[in-house]
Amino acid sequence: MSKPQVLQIGALSERFNQALAERYEVSALWQQADPQQFLKEQGAAFELVVSSARFGCSAEQLACLPNLRAICSFGVGYDPYPLELLRDRGIAISTTPDVLNDCVADLAMGLIIDTARQLAASDRFVRDGQWLTGNYPLTRKVSGKKLGIVGLGRIGQAIAQRAEGFAMPVRYHKRSEDLSSPYGYAADLQELARWADFLVVACPGGAATHHLINADVLAALGATGILVNIARGSVVDQAALVTALLDGALGGAGLDVFEAEPAVPEALFGLPNVVLLPHVGSGTHETRLQMEELVLANLQAFIDKGEMLTPL
Ligand code: NAP
C-alpha cells in the first residue's frame, strides 16, 4: 500500500523529519527551488500538511492547496495561521498543547527570578573579574511578591501553581472571568499592572492581543515592576518597553520572545535588569520529543479516523 502524501512546510528536528519521512510520502517545501511555484504545480496533490507555530501556513499557500483537509502543527501558538479561512474551508488543525506547559511555566519562573535577582548579570560580573574589585549591588526579593498573569490558560495556570510555592498572591487578566479559579480576576489590565510586582504575559499572539502590553500598562507596572513575556513578541509594544527600561520607568524585563525574532533590541544589551532569551520556552529534550510525538499521533489519528487528538 502506498504511503499517504504529506506536505511539510518547514524543517523541524532531524529526528522528527526522519520519523515523518519513514511513515509518509513527504514533500519538503523548504527544499524546493521555488516553493511557491512548487505549490502552484503540485499543491492539489496534498490533503495533509505538517507545519509549526513558527512556519504556519499562509493564505497564499492555502490558495494553492485546494484539497487540503488537515494541518498538524508543532507548538501551541496558532498566530501564523489564517484561522477564519481554515474554518470556512473546513480544514482541521491541531497543535501540541499541555505537553509543554511545565517547561514554559518553569522558564517563566526562571525569568522572574533571574530578572529580579539578576542571576545572569551577576554571572557576567564574576566572569568579567569584577568581584575581585567589589560586591554586586543589591537586587529585588522574589518570594511573597504579587504576581499578575495575563492569560490564565494552560501555561498561565501552571505558572500560578508554581507561584504558590513562592508564597506569591496571584491575580489574572483575560477576556472573561474564570469562576472556578482560586485567583482574583482583574477585568482591567492596567489595574492588574498597578497591583502587580511581576506581570507575566501568557496569552496567545495575533491581531487580538497586538500591543496589549502598551506604554500605559508599562507605566502602571512602574519603576519597581518587572515584566516577563513568554507568550509572543507581538503582545508587547517593544518600542515602548525599550523606552520604559532605558528611562528607568520600568523595573526590569525577562523576555523569551520578541517582535521580530531573532532580532533583539541592542539598546537592552547593557541593562543588568533585563534578561534576554532566544525563544526557548519549550526547548528541552523531553518536551520537544513529546511535542514531536503528538504531531505524529495527530496526523495518524486524522488519517485513521478523520479526527485529531488535540484539535484547536
Ligand atoms: P491557552 O490555554 O489557550 O490560554 C490562553 C489564555 O489567554 C486564556 O486564559 C485566554 O483566556 C487568554 N486570552 C486569549 N485572548 C486574550 C486576550 N485578547 N486578552 C487577554 N487574554 C486573552 O494557551 P496556552 O497553551 O496557555 O499558551 C499560551 C501562549 O503561550 C500560546 O498561544 C503561545 O503563543 C505561547 N507559548 C510560548 C512558548 C515559548 O516558547 N515561549 C511556548 C508555548 C506557548 P480568554 O479566552 O478567557 O481571554
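Indexing begins at 1, ligand by ligand and atom by atom, following the structure's order. Side-chain atoms are counted along with the backbone in the values below, which use heavy atoms only and exclude waters and symmetry mates.
- When non-hydrogen atoms are compared, ligand 1 lies under 4.0 Å from the side chain of R232 (C-beta onward) but not from its backbone.
- Neither side chain, H173 nor Q190, offers a donor N or O lying under 3.5 Å from an acceptor on the other.
- There is a side-chain donor-acceptor pair under 3.5 Å between T310 and N298.
- In terms of the salt bridge (charged side-chain N to carboxylate O under 4.0 Å, His left out) criterion, R175 has no residue partners (sequence neighbours excluded).
- Between D79 and ligand 1, a contact under 3.5 Å exists for no N or O pair.
- For E47, the salt bridge (charged side-chain N to carboxylate O under 4.0 Å, His left out) partners two or more places apart in sequence, or in a different chain, are R69.
- By the 3.5 Å distance cut-off applied to N or O atoms, T209 is not counted among the residues near ligand 1.
- Taking any N or O of V104, backbone or side chain, none lies under 3.5 Å from an N or O belonging to ligand 1.
- One option in H173, R54, E177, R154 has a heavy atom closer to atom 23 (O) of ligand 1 than any other, and that option is R154.
- With hydrogens left out, the protein atom closest to atom 4 (O) of ligand 1 is G153 CA, 3.2 Å, a heavy atom.
- Of all protein heavy atoms, the one lying nearest to atom 11 (O) of ligand 1 is K174 CD, 3.4 Å.
- Checking S181 against Y172 by side-chain atom types alone, no donor-acceptor pair falls below 3.5 Å.
- D102 and R162 are joined by a salt bridge, as a carboxylate oxygen and a charged side-chain nitrogen come within less than 4.0 angstrom of each other.
- Nearest to atom 35 (C) of ligand 1 among the protein's heavy atoms is A231 O, 3.6 Å.
- When the heavy atoms of L100, L111, I155 are ranked by distance to atom 24 (P) of ligand 1, first place goes to I155.
- Defined by atom type and a distance below 3.5 Å, a donor-acceptor pair is missing between the side-chain atoms of Q290 and E286.
- Under a 4.0 Å criterion applied to the non-hydrogen atoms of H279, ligand 1 contributes the atoms 39 (C), 40 (O), 41 (N).
- Across the listed options S181, A158, P204, S176, P204 owns the non-hydrogen atom lying nearest to atom 14 (C) of ligand 1.
- Close approach of ligand 1 to G151 is summarised as follows: ligand atoms under 4.0 Å from at least one heavy atom of the residue are 6 (C), 7 (O), 9 (O), 12 (C).
- For ligand 1 and L152, the ligand atoms under 4.0 Å from any heavy atom of the residue are 9 (O).
- With a heavy-atom cut-off of 4.0 Å, A202 touches ligand 1 through its backbone alone.
- E292 and S13 share a side-chain donor-acceptor pair at under 3.5 Å.
- Note: an N/O pair closer than 3.5 Å links I230 and ligand 1 by distance alone.
- Taking every heavy atom of S282 and a limit of under 4.0 angstrom, the matching atoms of ligand 1 come to 40 (O).
- One side chain, Y136 or Q118, offers a donor N or O that lies under 3.5 Å from an acceptor on the other.
- Without hydrogens or angle criteria, T209 side chain to L212 main chain gives no donor-acceptor distance under 3.5 Å.
- Between D123 and R127 a salt bridge is recorded (basic side-chain N to carboxylate O distance below 4.0 Å).
- Each of N214, I213, L255, N229 was scored for a side-chain contact (heavy atoms from CB on, under 4.5 Å) with L241, with one residue passing: L255.
- The single protein non-hydrogen atom nearest to atom 44 (C) of ligand 1 is V76 CG1, 3.1 Å, given as residue, atom name and distance.
- Scanning the protein heavy atoms around atom 29 (C) of ligand 1, the nearest turns out to be C203 O, 3.6 Å.
- Residue R175 has at least one nitrogen or oxygen atom sitting less than 3.5 Å from a nitrogen or oxygen atom of ligand 1, judged on distance alone.
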